[in-house]
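Structure first, commentary second.
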Amino acid sequence: MRSDSAKKGIERTPHRSLLKAMGIIDEEIGRPFIGIVSSENEIIPGHIHLGKIVEAIKAGVIMSGGVPFVFSTIGICDGIAMDHKGMKFSLPSRELIADSIEIVANGFPFDGLIFVSNCDKITPGMLMAMGRLNIPSILVSGGPMLAGSYKGKRIDLITVFEAVGKYKKGKINAEELRNIENFACPGAGSCAGLFTANSMNSLAEALGVALKGNGTIPAVYAERLRLAKEAGKLVMNLVEKNMKPRDIVSIDSFLNAISVDIAMGGSSNTVLHLKAIADSFGIQLDINLFDELSKKIPHICNLSPVGPHHIQDLHDAGGVYGVMKRLKENNLLAGKAMTVYSKPIDQLIENAYISNEDVIRPFDNPYHKEGGLGILYGNLAPEGSVVKLAGVPEKMRHHVGPAVVFNDGELATKAILEGKIKKGDVVVIRYEGPKGGPGMREMLSPTSAIAGMGLIEDVALITDGRFSGGSRGAVIGHVSPEAAEKGPIAIVKDGDMIEIDIEKRQINLLVDKKEIEKRFEELNEYTPKADEEVLKRYSYFVQSASKGAVFKKIG
């Protein structure tokens, strides 16, 4: 066992003495040591209940003869960090989460690991650590929040963000805004739509590193605790077989994850995170796969923020395995990809079901003929950009309009809410990329403001930053190279015409070539605005969004 290096033999007598200081007895010292890394805290709604999940996992580990040890990592709530300085620290936290787990799991030689996560950057950070460490592992999420209810309609966090714009526009009054605020988020769990957290927790199932239901069982269901207990038992089976994450996860696993993502219409952040996770597993993932598969796989789940359904509806309809059943029906599932059940996904899908064909539609009756995500290139994005195809209104799939340029996302939000953006405009938000932000902030507030102001079918937004999974509309992010790296987005001026063509997968600045060359010659170096040491280091080491915003390799 891996833990023997810290507990076996005469030379390890002092080590055993320290273990006994924690109440460990001789019988336990001979058993496998299982690390449980928890991101429980009291500052993220999706994490306030993770202590109960951890206790269930511990029970499962003990039932199967293991000894559980719990340790912690950090987390940030992107919703609370949105549209202010706090968002600069969200994406950088992903690297710190992965690093902190890697440090503890090497300092203490666990035989197996269970990663307890839920929201935004925490799940990707944990999966990156899983790939780096390559110790028998399972990911367990805390589960989605139930949708709220107001005036007989389901609502969620995005309803609140968009309600701000409606209030500014005079469509709702202060009392209604307050009621939406009070009822949208009813309790523990990751926000109820197919936003980044629920997208990534669902894709963990498709990758094969999480149990069935990981992405969809609501946080408050007892079923969630039963899943956690089963994970505690199952990790012991992986330890016995010495079955490691890199024995399970392959390029086929990522193809399945991307296929599920596209069919469901997941967050555009998944492009960034899957690329980074693949890198941690030693797998080269071409972002063009998202676009190639989107042309083969239709959008068959219409979940918030794009559609009326929520994660609980997907769970009731058959969950992620139901979506994979659809892929298998159409010969678009890599069936031999392995899972933590020690069985290929093909065998597991045999028992999958679909109970609601409006929530998980057949391929011949999709919500959209193309999948949920696309990669756009052009003279504005030579290294690519990402669009959530499922969220783009039909009339905005081809759009030409004048640029309105901002070097700060908060200033853009203010201008939108003040009515300074007109129909037809293309809002450009730059110097918000991984290096330039620093931190690649999410642009949920400006996109929600556009929707709330009634401009979603008339205004586009492009940025070298990124979007929340809750964003919808003609919004294009991850524009690479970013402005801070002297990408073309840095030379755009107010009034320049920009063309967006979803069918051709193009985003172009309609300015004379000689004028473009002149502007590049006049472009000054940009120094990222960061006083904090952590952001300075991040800005120095981070690479392009097209590379997953991972750090530069050393050596």
>> With side chain to side chain contact (heavy atoms under 4.5 Å, CB included) as the test, pick out the partner of N201 among T123, V320, V140.
In response: T123

> Going by atom types alone, do S480 and E383 pair a side-chain donor with an acceptor below 3.5 Å?
Replying inline: no

> So with a 6.0 Å cut-off around NZ of K552, is the heavy-atom count from everything else above 12?
Replying inline: yes

>> Looking at K121 and E442, is there a salt bridge between them, counting it only when a charged N and a carboxylate O are closer than 4.0 Å?
In response: yes

>> So that I can tick it off, tell me whether D291 and K295 are bridged by a salt bridge, with the cut-off set at under 4.0 angstrom between side-chain N and carboxylate O.
In response: yes

>> Does K212 have more than 12 heavy atoms from other residues, nucleotides or ligands lying within 6.0 Å of its NZ?
In response: yes

> Only one of T196, D261, N198 forms a side-chain hydrogen bond (donor to acceptor under 3.5 Å, both in side chains) with S267, so which one is it?
Replying inline: T196

>> Could you check whether atom NZ of K536 has more than 12 heavy atoms from other residues, nucleotides or ligands sitting under 6.0 Å from it?
In response: yes

> So does D464 pair up with K435, basic N to acidic O under 4.0 Å?
Replying inline: no

> Just wondering, are more than 12 heavy atoms of other shown residues or ligands nearer than 6.0 Å to NZ in K328?
Replying inline: yes

>> Do the side chains of R397 and E370 get close enough for a salt bridge, i.e. N-O under 4.0 angstrom?
In response: yes

> Has Y150 got more than 12 heavy atoms of other residues, nucleotides or ligands less than 6.0 Å from its OH?
Replying inline: yes

> Parallel, tilted or perpendicular: which fits the ring planes of F254 and F281, with parallel below 30° and perpendicular above 60°?
Replying inline: perpendicular

> Please walk me through it: do S304 and R154 pass side-chain hydrogen bond (donor to acceptor under 3.5 Å, both in side chains)?
Replying inline: CA-CA 10 Å; S304 175; R154 284 186 178 170; over 6 Å; no

>> Strictly distance-based, threshold 3.5 Å: is any side-chain N or O of H399 a donor or acceptor partner for the main-chain N or O of A460?
In response: no

> Picking from R430, K88, K414, R441, what satisfies salt bridge (Lys or Arg N to Asp or Glu O under 4.0 Å) with D408?
Replying inline: R441

